[in-house]
Amino acid sequence: MNAATTPAGHSSADAHDVAAAAERRWAWIVAVIIALLVAMMVFTGIKWAAMPPSRVETIDPRTLHISGEFVESNLGTTIGPDGRVVSRLIAQQYSFEPQCIVVPAGMPVTFRATSTDVVHGFIVGTTNANTMLVPGFVATFTTTFQRPGEHLMPCHEYCGTGHEAMWARVQVLPAQEFMKRAARGEKVTCVRR
Ligand code: CUA
């Protein structure tokens, strides 16, 4: 409509300039948005790569065997003073300690585990108990096993040449049977002696 009221040559040159300016403006806006998105990706990527997620509990892998929570006599499943069932284990190239873990059915069980050497994996059969065991950090996982039975617990992080031979067993006992064994105060395991 405007083209009819102004000289034809002028109008198309002006319109071209206006369009070019608008395009440049939008190109800048889009460039800034893309730069912001890339910056966010780089920032979050570096942040998550540099920090283990959530509640962090550290431990010195060099003194694990000598003192503290993960000495051999303290590994296995116990009922804590607060009545919670806690199962402690360690992973090392190429085994878990204890090799056979006993837990009760139908009660929340908290696993506390760590590694003495490299990164190992922790997964119990087809349950949702699944985490990484990283040297220097204590991994915790709380889950409830619905039915008594037995699960395999393979290492699922490649940890060296013996990786595929690294696994343990988890025996889920009826709650009463477990309580009877745990009541004696000892650490319950199903390792054959
Ligand atoms: Cu330990 Cu794979």
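In listed order, ligands and their atoms are each counted from 1. All values below were derived from every heavy atom in this structure, side-chain atoms included, with hydrogens, water molecules and symmetry-related copies excluded.
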- Closest to atom 1 (Cu) of ligand 1, among the N/O/S atoms of H120, is atom ND1
- Do any N/O/S atoms of C159 come under 2.8 Å of atom 2 (Cu) of ligand 1? yes
- Task: For the pair F145 and H151, name the ring-plane relationship: parallel under 30°, tilted 30 to 60°, perpendicular over 60°.
- Result: tilted
- Query: Crowded around E57 CD? As in, over 12 foreign heavy atoms under 6.0 Å?
  - Reply: yes
- Backbone of E157 reached by a side-chain donor or acceptor of H163 within 3.5 Å: yes
- Query: Rounded to the nearest 0.5 Å, how far does CG of L89 lie from OG of S87?
  - Reply: 6.0 Å
- Item | N/O/S atom of H163 inside 2.8 Å of atom 1 (Cu) of ligand 1, strictly under | no
- Item | Pair H156 + F122: ring centers closer than 6.0 Å | no
- Query: With T143, which of T110, T127, N128 fulfils side chain to side chain donor-acceptor pair (under 3.5 Å)?
  - Reply: N128
- Short N/O/S contact of Q93 with atom 1 (Cu) of ligand 1 (below 2.8 Å): no
- Closest N/O/S atom of E157 to atom 2 (Cu) of ligand 1, by atom name? O
- Counting backbone and side chain alike, does H156 bring an N/O/S atom below 2.8 Å of atom 2 (Cu) of ligand 1? no
- Please confirm if an N, O or S atom belonging to E164, backbone or side chain, lies less than 2.8 Å from atom 2 (Cu) of ligand 1. no
- Can you tell me, to 10 degrees, how wide the angle at atom 1 (Cu) of ligand 1 is between SD on M166 and SG on C155? 110°
